[in-house]
Enquirer: 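I have a structure here, written as structure tokens, and I will follow up with some questions on it.
It should be emphasised that the depicted structure is a prediction, and the values quoted were computed from it without experimental measurement. Quick note on labels: first sequence line is chain A, next is B, and so on, each numbered from 1.
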Protein chains: 2
Amino acid sequence: MKSDDIKEAALKYFTIHGYEGASLSQIAEEVGMKKQSLYAHFRGKDDLFLQVLHDAKETELLSKLQYFSNLRSSQPEKDLYGFLQLIVDLFQQNEQLKFWLRMSFFPPAHLQKEVDLEVIDIEEKTQALLQEKFQQWINEGLLHAEHPRIPTLAFFGVVDSIMLELVYMSDTKRLQEKLEASWKVFWRGISIR
Amino acid sequence: MKSDDIKEAALKYFTIHGYEGASLSQIAEEVGMKKQSLYAHFRGKDDLFLQVLHDAKETELLSKLQYFSNLRSSQPEKDLYGFLQLIVDLFQQNEQLKFWLRMSFFPPAHLQKEVDLEVIDIEEKTQALLQEKFQQWINEGLLHAEHPRIPTLAFFGVVDSIMLELVYMSDTKRLQEKLEASWKVFWRGISIR
DNA sequence: AGATAACTTACGAACGTTCGTTAATCAGGG
DNA sequence: CCCTGATTAACGAACGTTCGTAAGTTATCT
């Protein structure tokens with residue numbers, strides 16, 4: 001499918017240059033056609049962008065959902081740390097997560113409304129899921145007893161900071177060091193000892 | 001000074017629309033002149049951007065440095081939490097921090113080298129400063145004994161996640177909740193108990 | 001099966017607009 | 001009288017988008 005090639009190229013340029021900085025001519029050139037031909041597949045730049053955005057959100061959501069559903073429960077230390085590693089892997093496998101991060105926090109001004117809807121959706125779903133897990137672990141006496149919203153929000157904070165580090169990413173060494181540090185402190189902060 | 005007015009307007013549009021999305025005509029209009037007149041004050045768009053960037057970096061660096069120098073030591077809990085509040089205040093007082101955050105992580109592609117230099121500079125300085133503080137607190141037996149780099153990196157992770165939340169910022173309630181959660185877990189993770 | 005119609009995909013040309021930038025000109029104050 | 005700062009005018013280049021068209025593919029009907 002040629003539409004997928006276009007979306008792939010668009011993802012690349014949107015990620016590097018942002019919405020305004022990415023030009024349809026460059027995207028078209030990447031897939032070996034003229035920019036006018038893009039209009040046979042998409043209604044325009046906005047349409048292309050929103051489809052790429054939706055795809056990126058869906059794959060990210062799917063990855064997270066299936067990670068949580070494959071959890072062997074009662075091992076929060078393993079499961080949570082594994083989630084962090086999943087984020088790192090997703091980031092290095094494809095560009096979709098980096099695109100998603102950029103656009104969810106710095107969306108094109110005239111599409112902020114549409115972007116926000118996607119952001120809110122994925123956020124509510126993943127947060128509900130994780131909070132439920134924390135509730136279980138706390139009930140089982142595996143974690144510090146407190147409202148599950150606290151470790152949930154704190155953990156998402158760790159995830160966010162790791163993703164920011166992934167964006168910056170001069171070298172892998174520093175990333176791993178920061179991940180280990182954040183994880184170590186976070187785990188001491190939520191575990192019983 | 002008229003240059004400052006221009007830089008202020010430029011800061012605003014760079015923050016909202018990014019480098020590529022911000023146009024010199026809009027910036028000029030904001031200060032009540034034609035875009036060609038900007039060239040009496042700056043060599044071009046890149047020059048304007050880099051000066052705004054440098055200013056934003058300097059004020060952020062200064063704020064952090066003077067916060068650390070005014071610390072009554074031996075109260076890590078108060079001092080660290082106060083730093084988080086400082087970040088929140090800086091974000092709400094002026095737009096420079098939001099601009100800085102956006103550009104340090106998603107710089108215009110053709111200026112990445114120049115941006116990186118500023119980012120590395122501010123990062124090394126603040127990190128060295130904070131790590132020294134942690135070393136002191138650990139030596140005084142106030143914090144969990146470990147290499148000071150660990151709580152330093154973890155704390156910067158908390159700071160990053162709070163800043164991301166500040167960027168998103170639908171409502172202040174949620175921000176405060178996330179800050180409290182991250183802080184609570186972080187503090188339990190580094191303190192002795 | 002073969003002819004014809006309809007749809008899809010790509011392209012050249014051109015649209016109007018905006019971009020950042022340069023040059024020449026002019027007003028005002030020390 | 002120069003100097004600083006603002007203006008008007010104009011520049012080439014790139015932007016997203018539209019149109020007409022040609023080629024290729026698929027569907028329909030006799």
Enquirer: With sequence neighbours left out, write down each residue that passes side-chain hydrogen bond (donor to acceptor under 3.5 Å, both in side chains) with A:Asp46, or none if nothing qualifies.
Expert: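 side-chain hydrogen bond (donor to acceptor under 3.5 Å, both in side chains) check on A:Asp46 returns A:Tyr19, A:His110.
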Enquirer: Whole angstrom is fine here: how far is it from CZ in B:Arg43 over to P in C:dT22?
Expert: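 Value for this atom pair: 11 Å.
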Enquirer: Quick one, which residues of residues 7-26 of chain A touch DNA chain C with a heavy atom under 4.0 Å?
Expert: none
Enquirer: Who passes side chain to side chain contact (heavy atoms under 4.5 Å, CB included) against B:Ser25, sequence neighbours left out?
Expert: B:Ser23, B:Lys35
Enquirer: According to ring pair (Phe, Tyr, Trp, His ring centres under 6.0 Å), who are the partners of B:Phe99, at least two apart in sequence or on a separate chain?
Expert: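 Expected list: B:Phe49.
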Enquirer: Side chain to side chain contact (heavy atoms under 4.5 Å, CB included) with B:Arg149: which residues, sequence neighbours excluded?
Expert: A:Glu177, B:Gln127, B:Gln131, B:His147, B:Leu153
Enquirer: Relative to each other, are the rings of A:Trp183 and A:Phe186 parallel, tilted or perpendicular (30° and 60° limits)?
Expert: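 Rings of A:Trp183 and A:Phe186: tilted, 30 to 60°.
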Enquirer: If the condition is side chain to side chain contact (heavy atoms under 4.5 Å, CB included), which residues does B:Lys57 pass it with, not counting sequence neighbours?
Expert: B:Leu61, B:Trp100, B:Glu118, B:Asp121, B:Ile122
Enquirer: Could you tell me which residues satisfy side chain to side chain contact (heavy atoms under 4.5 Å, CB included) with B:Lys98, sequence neighbours excluded, listed by chain and number?
Expert: B:Thr15, B:Phe91, B:Val167
Enquirer: Could I get the full list of ring pair (Phe, Tyr, Trp, His ring centres under 6.0 Å) partners for A:Phe156, not counting sequence neighbours?
Expert: none
Enquirer: Please report the distance, rounded to the nearest Å, between OH in B:Tyr39 and C1' in D:dT7.
Expert: 15 Å
Enquirer: Measure CG/B:Leu38 against P/D:dA6 and give the value in whole Å, please.
Expert: 9 Å
Enquirer: Of all residues at least two apart in sequence or in a different chain, which pass the ring pair (Phe, Tyr, Trp, His ring centres under 6.0 Å) check with B:Phe105?
Expert: none
Enquirer: Strictly under 3.5 Å: I want the nitrogen or oxygen pairs between protein and nucleotides 10-17 of chain C, one per line.
Expert:
from, atom 1, to, atom 2, distance (Å)
C:dA10, OP2, A:His41, NE2, 2.4
C:dC11, OP2, A:Lys34, N, 3.0
C:dC11, OP2, A:Ser37, OG, 2.9
C:dG12, N7, A:Gln36, NE2, 2.8
C:dA13, N6, A:Gln36, NE2, 3.1

Enquirer: Suppose we screen for ring pair (Phe, Tyr, Trp, His ring centres under 6.0 Å). Which residues come up paired with A:Tyr168, at least two apart in sequence or across chains?
Expert: none
Enquirer: Enumerate the residues from residues 107-114 of chain B whose closest heavy atom to DNA chain C is under 4.0 Å, giving them by residue number; use none for an empty result.
Expert: none
